[in-house]
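Single-structure report; data block below.
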Amino acid sequence: MKTIAAKFILLVLLFVFFGCTQKKIDRKSIQTSNDSLPVYFSLANDFNLSRQKRLDYINKANEIVANQENDSLNRVNFFKIANRYYNVGDWKEYSKTVNLVLTNSESQADTVSMAKAYSYLGDYYLQKTVSDSAFLYYYKAEKMYATLNDNYQLARTIINKSELLFRVGDFIGSEKEVFKGLRIIEDDENEAANEINYDAHNMLGMVYNSMGEYQDAIAYHNKALEILDKMKIIGISQTKAISYLNLGLVYVKLKNYKVASGYFLKGIEQQEIDNQDFKIYALLLDNLGYSKFKLGKQDDLPDLLYQSLKIRDSLKLYSEIPVNKIHLSEYYYSKNDNTKSLQFATEALVLARKMNMPREILSALKQITVVDPKNAANYTKEYIRINEELQQYERKIGEKFSRIQYETDQIKGENTDLESKNRKLVYFFSGLTILGLFFYIIKSQKAKNRELLYKQQQQKANEDIYNLMISQQNTIEANRVQEKKRVAQELHDGVLGRMFGVRMNLEGLNRFNDDLAVTQRHDYLAELKNIEQDIREISHDLNREKSELINNFVAIVDNLFEEQRKTFQVKLLSSIDSSIKWDLAVNSVKINLYRIIQESLQNINKYANATTIKVELKKQEKNIILTIIDDGVGFNVNLKKKGIGLQNMISRAKECQGEFNVQSEKGKGTTITVSIPIG
């Protein structure tokens, strides 16, 4: 067995060599940046490096990832960091990282990452032997993976849960969970399924070993070895060294220490090939040394046991040290060195109590009763008490798991009910919104219909005004024609006849120069003056007729003003520029101007409470400018919603390609200005 010790020393030297070599490379080539992140991840998983060096690289990677945005890639990187903290046994940072990624996943409703975080927390509490918390998180992950239809992760989580049940002594429950996981992936032959199959068969081997069904245990461990031969990629937890270790432990239970030693030796050789996990290496050394002790072989003893203890102490694997010291106690007891034997047994008991490990406490008490028979009675009483407490604990933990499962399902049911209620509320408010929208559309349509009806009525009124103006125009035209006839008759029958008579008489008097002729000529000249006056009166009548013809729109507006003065007490001042050529304005312009004036006067009468109104129509270049000013209460043009009257005035101005402007302030009256092109 000296060769094993030599190999171990060589392994340590190689470990130191590669660690130092890598250190030189890292200093030259690595910088803290996103580009260096893959390198940090790779070095953090390099088992040739020391634990502290690997931890340094994990921390550097963590520093980079912590400054990244919370997206799916960021969460994947955090999981990688958590894995590496797990591998180096930094449980504090592992828990902190997983809880952080869980919080980030919840904020983004990332159910895939949430399920993974639950599974990781289950692993954490499994290592910390907080079984109820581990079960809770495994159960949450299981339910979530089932919802996501992720069969591989679901099966993986179930196998992890079976390991938890195995650790708390629920072997039947563990067996059921393993088969449950196997049924999920039974038809798959890919690499992921092979990894789960290996872990499942390995777990069944350990379960049956603990239940005393040793042949079944051997069969399942051999099946696990067969699965490993199919796998191309083997990780830390999938290695023949573990299967050889577990097979050796079955043969230890069968007290076939020779076969057990063979498997432990195979495991050591395999571990040296894999060069992966010193934890497994320490287990193999301890059990090989114990098997040799049971066979009565003294070579490499107690060195094998001490080598294992040293590795475990350096890796801080305190939970495995009590068994190691119990083996040393048995060894020294066989050598009649009761002092050392009692020392190791007592140290094992103290550490087991500190770590709260009931099974290891029982093993230590059992060994102490052998080494220290004088106090055996006291130790035996404690052994019985702890054994009973352990049995009660195992029963309670099973009940507790059932309660956790029930309460979690109940909470899930309540959440489902709440989701159902929320959906109903969403449906209700959606229906209410649709109904409200329906009523709004109906109301809006009615308003549009009213507006359309109003416009139709307005159009009809415009047509009526237009027809009225046309009728007035026709009446004026008829009167003009009649007046022409009257003037023609007067000229023909009166003026022309009289002028003909005077002309004939004057021609007759040209032959006489006496006093009588002179007097008659004076009389005829006076008659000519009368004829001149009659012609002037006829000309005046014709001019007045033309003015009335042109200014009929002005007359209509004046009538509106006169009606305003008769009906309301407010003082109205009006001015219409006589230079405006109304005959150049189309009827639509006249109608819209009339309506704007009419609407403005109505608004002032209703709302302005004014004492004076000024209305002015004037010509400015090629535009007609209408200005309406009142000294009423005014209003806030920016805040007040425009009424239908004001909107109509704006619309009428636009119809004439004109501009409409209103200026008003509270207490300062209102000014409306309309500019419309003409000609």
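Because the structure is a prediction, the values reported are computed rather than measured.
Side-chain N or O atoms of Arg54 include none that pairs as donor or acceptor with a backbone N or O of Leu43 at under 3.5 Å. Side chain of Ser308 to backbone of Leu304: no donor-acceptor contact under 3.5 angstrom is found. When atom types are taken as modelled, the side chain of Ser95 and the backbone of Lys92 share no donor-acceptor pair closer than 3.5 angstrom.
Here the options are Val112, Val101, Leu102, the test is side-chain contact (heavy atoms from CB on, under 4.5 Å), and the partner is Arg75; only Val101 passes. Test Asp199, Asp150, Asp123 against Arg156 for salt bridge (Lys or Arg N to Asp or Glu O under 4.0 Å) and you get one pass: Asp199.
Looking at Tyr332 and Leu342, their side chains never come closer than 4.5 Å, going by heavy atoms from C-beta outward.
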Is there a salt bridge (charged side-chain N to carboxylate O under 4.0 Å, His left out) between Glu330 and Lys335? Walk through the geometry before answering. CA-CA 9 Å; Glu330 289 185 42; Lys335 295 298 183 182; over 6 Å; no

If you apply the rule side chain to side chain contact (heavy atoms under 4.5 Å, CB included), what do you find for Leu283 with Glu320, and how did you get there? CA-CA 8 Å; Leu283 278 166; Glu320 297 177 8; 4.0 Å; yes

Just do the side chain to side chain donor-acceptor pair (under 3.5 Å) check on Asn62 and Asn59 with the steps written out, would you? CA-CA 5 Å; Asn62 194 7; Asn59 291 334; 5.2 Å; no

Decide yes or no on salt bridge (charged side-chain N to carboxylate O under 4.0 Å, His left out) for Arg312 and Asp286, but give the supporting numbers first. CA-CA 10 Å; Arg312 284 167 168 169; Asp286 181 29; 3.2 Å; yes

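Applying the ring-ring contact (aromatic ring centres under 6.0 Å, His included) definition to pairs two or more places apart or across chains, those involving residues 157-178 are Phe166-Phe171.
Between Tyr257 and Tyr251, the distance separating the two ring centers is not shorter than 6.0 angstrom. Taking the ring centroids of Tyr85 and Trp91, they lie at or beyond the 6.0 Å cut-off. Ring centroids of Phe79 and Tyr120 are separated by less than 6.0 Å, placing the two rings close together. The aromatic ring centres of Phe264 and Tyr244 sit 6.0 Å or more apart.
A donor-acceptor contact closer than 3.5 angstrom links the side chains of Tyr198 and Ser243. Between Gln271 and Lys240, the side chains place no donor N or O within less than 3.5 Å of an acceptor N or O (distance only, hydrogens not considered). Gln367 and Ser329 form a side-chain donor-acceptor contact under 3.5 Å, judged by distance and modelled atom types alone. Residues Asn197 and Asn194 bring no donor and acceptor atom of their side chains to less than 3.5 Å of each other.
Annotation for Lys258: atom NZ does not count as buried by contact number, only 12 or fewer foreign heavy atoms lying within 6.0 Å.
The two residues Ile159 and Gly181 make their nearest non-hydrogen contact at CD1-CA, 4.5 Å. Pairing each heavy atom of Tyr214 with each of Lys253, the nearest pair is CE2-CB, 3.4 Å.
Relative orientation of the Phe278 and Tyr281 rings is perpendicular, given thresholds of 30° and 60° on the angle between their planes.
The ring pair (Phe, Tyr, Trp, His ring centres under 6.0 Å) test applied to Tyr331 returns no partner, not counting sequence neighbours. Residues forming a ring pair (Phe, Tyr, Trp, His ring centres under 6.0 Å) with His221 (at least two apart in sequence, or on another chain): none.
To the nearest 0.5 Å, atoms CE (Met206) and CE (Met211) are separated by 14.0 Å.
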